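Written below as structure tokens is the structure these notes are about.
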Amino acid sequence: IKDSGTGGKITGGNYSDVMGGGGIHNRGTLALTGGTISGNTAQSGGGIVNSTSGIFTMSGGTISGNTADGSYGGGGVYNCNIFTMSGGTISGNTTTSSGGGIYNRGGELTLTGGTVSGNIGKSVGGIYLTNGPTGDGTFTMSGGKISNNSALTDGGGVRIYSSHFTISGGTISGNTASDGGGVSIEDSNGLYANPSTFTVKPGSVITISGNTADGETNNVYLPSGKTITVESTPTAGSEIGVTTADAPTTGSPVDITGSYTGDADFLTSDNTDYSVTKADGNTPAQLAIPTYTITFVDEDGTTVLQTGSLTAGETPVYTGTEPTKAADAGHTYTFSGWTPAITAVTGDATYTATFTADTLTYTVTFDTDGGSAVEAQTVAYDTAATRPADPTKSGYTFKEWQLDGAAYDFTAHVTADITLKAVWEEAAEPEPETETITAKPYKPYFPSTSPSTSGTPGTSGTDGASGTDGSDRSEERRVGK
């Protein structure tokens, strides 16, 4: 079937028989390279039924808007033999049973390209894999995309029931269900001999992410005891999220793969409370409550005081001897706690001891060498003393303060107890005081020939204090007190 350019559409078919095939029932060889099969209804295979003898290849075209309203399902395609899809789109189909997009009953389903998207099923929105009359169903996916399908119950993208799904490339994303959002692996509870398997191997990039179940991230759902078979580490860049029915507990991880020699970097835990771990060598990858290394170190950042492992959510407790720090010239130290502040574990962490510095004080003593007392000073380490008022000492003059024979600089910072010594100079003898005495005028005495009281020449005067020339006379003399 190909698009002829004049419609190329099969629509409106309604087949009520249980064998189904609302649009096409194929028992031979069918190739779909274009055109549209839509709006058809049947009990199974609303769009196409590919019977136990049919061979169906799809490289283009669209199968959409078809409905399977019976007990078997397969809104888009119901496959019982060989169906290979390398292109085209299967979308918007619905079923009241299982497999909104494709119901694979014991057939060989291969997806190398194309898209299965937007299909809805009561159970399994995208692709339902189960066994059938010819044996177990198989699904091999090396490319293409299974996206945005939804189921009311389980299996949003792919559900594996007594069948085998091998993936080496392609994308399964954006699918939703109440249980098993991306890929759901179910056992048949002993009804069939062969258990379901899900195998991962290299080829191209595999992406199984962004799927949800009941609103929570759920990409590959592993029931109790089920694991993913990893033949070899898939292509770099691959990502597969995992959810397990059995929740890991402290010290009891849950295996999610069989033993293999590669790494598990492509696996992630859907639940952020857990992580994927893998020991070296031929050991299984496991889902575990993560443990992280918690280290307490001294202030130097290198001396380990305590180390150990804790799980996420636990709060570290330091149980060792309280850290100490030796005093230095200027300080003593008191342990004050850890940096950063201790919080619940979310990853590896290192806590460093911190200390409060208490500044030491020193005494500056003043030796006045017999002078007036000067009070000692208490000075904080690495600060300057205050110059005191100059002392006094009888008969001496204060010159300076000295430390170890050198003049002391009061701007210098004190880093130890010190004693400053006063230096004196002997006081000089005081200069004697002087006093000026002024004599009264001198008047000469001349004896007269006759008694007279006159002071004229030839007579005798009464005071005789002047010189012969009549000038004043004075003298200066030193007097001591």
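Bear in mind the structure is a predicted one, so any value in this text is a computation, not a measurement.
- Across all non-hydrogen atoms, the minimal contact from Tyr221 to Ala245 is OH-CB, 3.2 Å.
- Asp154 and Ser123 share a side-chain donor-acceptor pair at under 3.5 Å.
- Between the side chain of Asp179 and the main chain of Thr153, no donor-acceptor pair closer than 3.5 Å is present.
- Using the six-membered ring where Trp is involved, His25 and Tyr15 have ring planes that are perpendicular, over 60° apart on the 30 and 60° scheme.
- Of the inter-residue distances, the one linking Ile172 atom CD1 with Ile206 atom CD1 reads 9.0 Å to the nearest 0.5 angstrom.
- Under the 3.5 Å distance criterion, the side-chain polar atoms of Thr112 are left unmatched by any main-chain donor or acceptor of Gly143.
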For Thr140 and Thr166: C-alpha separation, side-chain torsions, deciding distance, then whether side-chain hydrogen bond (donor to acceptor under 3.5 Å, both in side chains) applies. CA-CA 5 Å; Thr140 302; Thr166 299; 5.2 Å; no
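- A donor atom on one side chain and an acceptor atom on the other are not found under 3.5 Å apart for Thr295 and Thr350.
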Begin from the C-alpha positions of Arg27 and Thr52 and carry the test side-chain contact (heavy atoms from CB on, under 4.5 Å) through to its verdict. CA-CA 7 Å; Arg27 294 183 178 181; Thr52 55; over 6 Å; no
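- Rounding to the nearest 0.5 Å gives a distance of 10.0 Å between CG of Asp246 and OG1 of Thr249.
- In this structure, Asn81 contributes its side chain and Gly54 its backbone to a donor-acceptor pair below 3.5 Å.
- Judged purely by atom type and a 3.5 angstrom limit, Asn218 uses its side chain to pair as donor or acceptor with the backbone of Gly181.
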Would Ser184 and Glu186 count as a side-chain hydrogen bond (donor to acceptor under 3.5 Å, both in side chains) here? Give the steps. CA-CA 6 Å; Ser184 178; Glu186 302 292 340; 2.8 Å; yes
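- Between the CG atom of Asp270 and the OG atom of Ser209 there is a distance of 9.5 Å, given to the nearest 0.5 Å.
- In this structure, His331 and Tyr333 have tilted ring planes: the angle between them lies in the 30° to 60° band.
- Contact of the Thr343 side chain with the Thr315 side chain is not registered, since no non-hydrogen atoms from C-beta on lie closer than 4.5 Å.
- Within the 4.5 Å cutoff, side-chain heavy atoms of Ile256 are placed close to those of Val276.
- In terms of heavy-atom proximity, Ile342 sits nearest to Trp338 at CD1-CD1, 3.8 Å.
- With rounding to the nearest 0.5 Å, the separation of OG1 in Thr268 from CG in Asn271 is 11.0 Å.
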Assess whether side-chain contact (heavy atoms from CB on, under 4.5 Å) is satisfied between Ile228 and Val230, documenting all intermediate values. CA-CA 6 Å; Ile228 301 171; Val230 181; 4.2 Å; yes
Could you list the donor-acceptor pairs under 3.5 angstrom formed by side chains in residues 94-107, with sequence neighbours left out?
| residue | atom | partner | partner atom | Å |
| --- | --- | --- | --- | --- |
| Thr94 | OG1 | Thr67 | OG1 | 3.3 |
| Thr95 | OG1 | Ala68 | O | 3.0 |
| Thr95 | OG1 | Ser97 | N | 3.0 |
| Thr96 | OG1 | Asp69 | O | 3.3 |
| Ser97 | OG | Ser71 | O | 2.8 |
| Asn104 | OD1 | Asn79 | ND2 | 2.7 |
| Asn104 | ND2 | Gly107 | O | 3.0 |

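- For Tyr351, the OH atom is densely surrounded, since the number of other residues' heavy atoms within 6.0 Å is greater than 12.
- Taking every heavy atom of both residues into account, Thr319 and Gln306 meet most closely at N-OE1, 2.9 Å.
- For the residue pair Asp298 and Pro323, the shortest heavy atom distance occurs at OD1-CB, 4.5 Å.
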Tell me, with the steps shown, if Leu403 and Trp401 meet side-chain contact (heavy atoms from CB on, under 4.5 Å). CA-CA 7 Å; Leu403 176 65; Trp401 293 103; over 6 Å; no
Mind running side-chain contact (heavy atoms from CB on, under 4.5 Å) on Ile240 and Val200 for me, showing each step along the way? CA-CA 10 Å; Ile240 300 175; Val200 173; 3.8 Å; yes
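- When each of Asp255, Thr244, Thr227 is paired with Gln286, the side chain to side chain donor-acceptor pair (under 3.5 Å) condition holds for Asp255 and for no other.
- Within the 4.5 Å cutoff, no side-chain heavy atoms of Tyr72 are placed close to those of Gln43.
- Counting only N and O atoms by type, the side chains of Thr334 and Asp358 include a donor and acceptor under 3.5 Å apart.
- Side chain of Ser238 to backbone of Thr235: a donor-acceptor contact under 3.5 angstrom is found.
- Remark: of the listed residues Asn175, Asn211, Thr176, Asn175 is the sole one forming a side chain to side chain donor-acceptor pair (under 3.5 Å) with Asn149.
- Taken to the nearest 0.5 Å, the CD1 atom of Ile167 stands 8.5 Å off from the OG atom of Ser204.
- Between the side chains of Thr138 and His164, no donor-acceptor pair is found at a separation under 3.5 Å.
- Of all the heavy atoms in Phe139 and Leu129, the pair that sits closest is CB-CD1, 3.4 Å.
- For the pair Lys145 (side chain) and Gly113 (backbone), a donor-acceptor distance under 3.5 Å is absent.
- The two atoms that bring Val254 and Ala247 nearest to each other are CG2-C, 4.2 Å, heavy atoms only.
- Proximity of Pro290 to Thr311: side-chain heavy atoms (C-beta onward) are nowhere separated by under 4.5 Å.
- In this structure the side chain of Asp382 never reaches within 4.5 angstrom of the side chain of Val414, judged on heavy atoms.
- Under a cutoff of 6.0 Å and an axis angle of 45°, Lys278 and Tyr260 form a cation-pi pair.
- Using a distance-only test at 3.5 Å, with no hydrogens or angles considered, a donor-acceptor pair links the side chain of Asn119 to the main chain of Gly92.
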So Ser162 and Asn131, side-chain hydrogen bond (donor to acceptor under 3.5 Å, both in side chains) or not? Walk me through it. CA-CA 6 Å; Ser162 293; Asn131 66 340; 4.9 Å; no
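- Between Thr302 and Val297 the shortest side-chain heavy-atom distance does not fall below 4.5 Å.
- Aromatic ring pairs are classed by plane angle as parallel below 30°, tilted from 30° to 60° and perpendicular above 60°; the pair Phe56 and Phe83 is parallel.
- Side-chain contact between Ile146 and Val158 is present, with at least one heavy-atom pair separated by less than 4.5 Å.
- Not a single donor-acceptor pair under 3.5 Å links the side chain of Ser117 to the backbone N or O of Asn148.
- How far CD1 of Ile10 is from OG1 of Thr36: 9.5 Å, rounded to the nearest 0.5 Å.
- Counted within 6.0 Å of NZ on Lys201, heavy atoms from surrounding residues, nucleotides or ligands total 12 or fewer; the atom is thus considered open.
- Distance alone, capped at 3.5 Å, is enough to place a donor-acceptor pair between the Asn40 side chain and the Gly12 backbone.
- Of the possible polar contacts, none joining the Thr89 side chain to the Ser91 backbone as a donor-acceptor pair under 3.5 Å is found.
- Between Ile160 and Val183, some side-chain heavy-atom pair lies under the 4.5 Å cut-off.
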